[in-house]
Structure formats: structure tokens, C-alpha cells
Amino acid sequence: MPQESSPLAPPAPEERGQADYLAALLASAPSDVRKRLAEIGELTLGEQNLAQMRRRQLRDPGTPSGGVEHADLTAPGRPGDPDVAVRLHRERGITEPRPCLISIHGGGYVIGSHLGDDGRFDRWSPALRCVGVSVGYRLAPETPFPGPLEDCYAALRWAYENASDLGIDAGRIGIIGGSAGGGLAAGLALLARDRAEIPVAFQVLSYPMLDDRLATRSGQAGAPLWGPSANQFGWRSYLSALRPGDDVPGYAVPARATDLAGLPPAFITVGDLDGLLDEDIDYAQRLIAAGVPTDLHVFAGAPHAFDSMLAATAVAQRAGRVLEDWLESRLHGG
């Protein structure tokens with residue numbers, strides 16, 4: 001994080017540069033984005049308000065359409081771990097196998113729930129002709145790495161091994177996540193590749209948390225909604241089981257993975273007002289250099305979690321169309 005300057009002293013040149021670029025982008029952001037950011041206000045996250053934030057609903061689950069079944073089930077955890085809560089989303093009256101999306105929620109590894117996906121899959125299950133599986137992974141700091149990632153792997157395994165009973169096409173299972181869920185999705189893609197037990201068709205990483213080192217310009221610029229302090233708290237909680245001096249595995253922090261070859265095709269999206277911008281662009285470039293088909297979309301005037309917390313804005317709706325078009329091609333393309 002940038003070094004704090006005295007309130008009586010002018011900011012250092014590098015601090016001015018960080019603040020200036022973000023201030024310019026915020027000033028030129030669409031009015032609906034600036035209005036919504038003002039309504040939300042400053043988002044803080046730490047030990048002092050963790051319980052309160054866990055009670056806060058970050059994503060509107062929407063009004064059920066009635067056309068999609070949402071069923072609460074469990075997937076067997078790895079030996080010694082509890083079973084994993086999963087929520088199955090499937091269009092009613094459909095009997096043929098359909099592609100599946102394993103959905104991993106965000107929340108900095110410490111907050112959030114798998115119960116906020118109903119509205120999204122009320123749309124996607126019929127429109128994209130897919131089955132959804134939302135993963136209720138255990139949260140840090142109570143359950144640090146590798147527990148949450150193993151929960152996601154358990155849900156993936158459950159969907160794959162029970163595909164015929166669940167109406168899933170076992171050859172077309174993709175993983176999707178935003179923020180910490182994007183970091184877990186990236187880690188899950190690495191883990192699935194290396195264990196070579198379950199094929200993953202693609203990975204969707206929306207503004208993913210990929211790097212715990214917090215050394216990028218965008219990460220230090222004081223971005224709205226998800227600033228350096230919240231980001232640092234999330235990483236510290238998730239990696240708390242690692243001892244000082246331990247090597248941090250790429251499964252935990254995907255940006256630290258040295259080999260990205262052989263991963264499934266990727267879709268990465270992030271906004272230019274997001275503190276995770278630089279690490280997400282860097283990861284996309286490394287995927288491309290490793291021979292992984294990768295779509296990278298940077299949306300101007302979009303902060304962190306803009307598709308959920310600013311869902312009514314024009315940029316969020318435009319980004320949603322781009323994502324759905326890509327998903328259609330991956331779920332049902334040749």
C-alpha cells in the first residue's frame with residue numbers, strides 16, 4: 001500500500017499520479033455510475049464489522065419467475081470436511097441434459113452467500129439453456145485456504161459425477177465467479193487441470209481477486225467500493241493458515257501460478273475504476289501467452305462488482321450482454 005504522507009506535506013509524486021488518474025476517470029464516468037456510487041457510499045470491511053457485513057444483502061436475488069426450480073442440496077465434502085451446500089437451478093419441464101455453470105459467489109473470501117443467484121439463473125437457465133450450481137463454500141477467516149477452494153472442487157465433482165441425475169451434460173461444465181469468486185474460479189481451474197479428474201469447459205472471471213501482493217498502481221489508487229484496506233483484509237483472512245515464509249501456492253493466489261498452460265478458455269471482465277484492474281489485465285495477458293484462448297473486456301466507467309451493485313447502470317447492462325453472448329457460444333458452440 002502507498003506510504004501515508006503528513007497532512008501538512010504535499011503528496012509524493014507517485015501518490016499524486018495514482019490519485020490523479022483515478023480522479024480523472026471518476027470525473028468522466030457516466031452520471032448513472034456516479035449517482036449510484038454516491039448512494040452506496042464508502043464500503044468498509046474488517047474485523048470490526050465482519051458480522052454486520054455478513055448480514056448485508058449484496059446482490060438482489062430477484063423475484064422468482066416460477067419457470068426455474070431452485071433446490072437446496074449438498075455435495076459430499078473431501079474426507080474430514082463437512083458436506084458443501086449447493087443450490088441447483090434448473091428450468092422446469094426440461095428433460096434433456098444441458099450444459100452447467102458452477103457459480104462461485106464473491107465477497108472478499110469472507111462474506112457473501114450462494115443464495116443470491118436465483119435472479120440470474122431465472123434468466124440464464126431458459127435463455128442460455130443451462131443448469132446452474134451455486135456453491136456455498138465456507139468463509140474465511142474461520143475456514144482459510146484450502147478449505148473454500150476444496151469446497152468448490154467438491155461441488156464441481158458432485159455435478160460431474162451426478163450429471164445424469166441432475167440433467168447436466170458432463171462434457172460442458174464451466175465455472176464462473178466474481179471478485180473472490182473469480183479468484184476461486186481461477187484457482188479451481190488450476191486445481192482441476194492438475195488433478196486431471198474432471199474436465200472444465202471454460203472459466204469466467206469477473207473482476208477476480210488474483211493477487212495478494214497489492215503492488216499494482218490500480219490496487220493502491222484508492223478505488224471505490226473495494227479499496228486497498230478491504231482487499232488486504234480479505235487476503236489476510238483467506239491465507240491465514242499459511243505460516244510466514246511458506247510458499248503461497250497458485251491455487252490460493254492464481255497470479256502466483258507459474259504455469260498457466262492447458263487451462264480452459266477464459267473470459268475476464270473488469271472496469272477501469274476497479275482496484276483489481278492491473279492484476280486482471282496481467283493475468284489475461286499471461287493466459288494468452290500460455291496459449292489459452294482468452295477474451296478480456298475492460299469497461300470504461302465501471303467500478304468493482306458493477307454488474308451486481310450497479311446492475312441498473314448502462315455499463316452493467318452492456319457488460320451483461322457481452323457476457324451472455326460469450327456464454328452462449330461456449331455452452332452451445334461447436
Side-chain angles (χ1 to χ4, degrees), residues 25-26 28-45 53-68 70 87 89 101-108 111-128 130 132-135 174-185 204-209 223-227 230 267-277 280 295-328:
L25 290 176
L26 280 166
S28 62
S31 59
D32 57 351
V33 170
R34 287 185 277 111
K35 178 182 178 182
R36 180 63 181 140
L37 286 175
E39 292 172 349
I40 297 171
E42 184 66 25
L43 187 67
T44 59
L45 180 63
M53 289 298 292
R54 285 180 174 174
R55 293 190 296 268
R56 182 174 175 179
Q57 183 173 282
L58 297 179
R59 172 182 286 169
D60 183 357
T63 302
S65 66
V68 176
H70 309 284
R87 190 161 172 85
H89 313 271
L101 288 173
I102 306 293
S103 178
I104 308 173
H105 70 81
I111 61 175
S113 168
H114 67 301
L115 301 179
D117 270 347
D118 289 13
R120 180 158 69 169
F121 281 108
D122 262 11
R123 171 179 172 79
W124 283 357
S125 290
L128 297 177
C130 67
V133 174
S134 301
V135 186
I175 52 182
I176 180 171
S179 192
L184 285 166
V204 174
L205 314 178
S206 298
Y207 38 85
M209 286 177 67
L225 294 185
W226 192 249
F267 178 100
I268 298 178
T269 184
V270 66
D272 67 351
L273 302 180
D274 197 326
L276 307 183
L277 172 67
D280 292 352
D295 281 45
L296 170 65
H297 297 268
V298 178
F299 287 94
H304 191 67
F306 67 98
D307 61 344
S308 58
M309 298 189 72
L310 289 83
T313 60
V315 65
Q317 294 174 14
R318 179 163 54 90
R321 292 191 294 269
V322 173
L323 171 58
E324 290 180 11
D325 180 67
W326 190 90
L327 283 172
E328 172 70 28

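Any value given below was found using the heavy atoms of this structure, including those in side chains, with hydrogens, waters and symmetry copies removed. Index from 1, following the sequence.
- Listed here is the closest heavy atom pair of Leu225 and Gly41: CD2-O, 4.4 Å.
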Next item on the list: Begin with the C-alpha distance, continue with both residues' side-chain angles, and end with the deciding distance and a verdict on side-chain contact (heavy atoms from CB on, under 4.5 Å) for Leu276 and Met209.
Entry: CA-CA 7 Å; Leu276 307 183; Met209 286 177 67; 3.7 Å; yes

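- Here the side chain of Asp272 pairs a donor or acceptor atom with the backbone of Gly301 at under 3.5 angstrom.
- Taking the side chain to side chain contact (heavy atoms under 4.5 Å, CB included) definition, one finds that Glu42 meets it with Thr44, sequence neighbours left out.
- Asp307 contributes no side-chain N or O that, together with a main-chain N or O of Gly320, makes up a donor-acceptor pair within less than 3.5 Å.
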Margin query: Test side chain to side chain donor-acceptor pair (under 3.5 Å) on Asp117 and Ser103; report intermediate values, then the result.
Written below: CA-CA 8 Å; Asp117 270 347; Ser103 178; 2.6 Å; yes

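- Using cut-offs of 30° and 60° on the angle between ring planes, the pair Phe121 and Trp124 is perpendicular.
- Nearest approach of Ala316 to Leu310, heavy atoms of both residues: CB-O, 3.2 Å.
- In terms of modelled atom types and a separation under 3.5 Å, the side chain of Arg36 and the main chain of Met309 share a donor-acceptor contact.
- The shortest distance between side-chain heavy atoms of Leu37 and Pro303 falls below 4.5 Å.
- Taking all atoms of both residues into account, the shortest heavy-atom contact from Val270 to Phe306 is C-CE2, 4.5 Å.
- With sequence neighbours excluded, the residues satisfying side chain to side chain contact (heavy atoms under 4.5 Å, CB included) with Ser206 are Val204, Thr269.
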Can you list, pair by pair, the side-chain donor-acceptor contacts under 3.5 Å of residues 174-182, counting residues two or more places apart and other chains?
unit_1 : atom_1 : unit_2 : atom_2 : d
Ser179 : OG     : His304 : NE2    : 2.8

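- Partners of Arg34 according to the side chain to side chain contact (heavy atoms under 4.5 Å, CB included) rule, which considers only residues two or more places apart in sequence or in another chain, are Ala29, Ser31.
- Taking every heavy atom of both residues into account, Val135 and His105 meet most closely at O-CD2, 3.6 Å.
- Scanning both residues, Pro208 and Asp280, for their nearest heavy atoms gives O-OD1, 2.8 Å.
- For the salt bridge (Lys or Arg N to Asp or Glu O under 4.0 Å) condition, the pairs that include at least one residue of residues 316-326, sequence neighbours left out, are Arg123-Glu324.
- Not counting sequence neighbours, the partners of His70 by the side chain to side chain donor-acceptor pair (under 3.5 Å) test are His89, Asp122.
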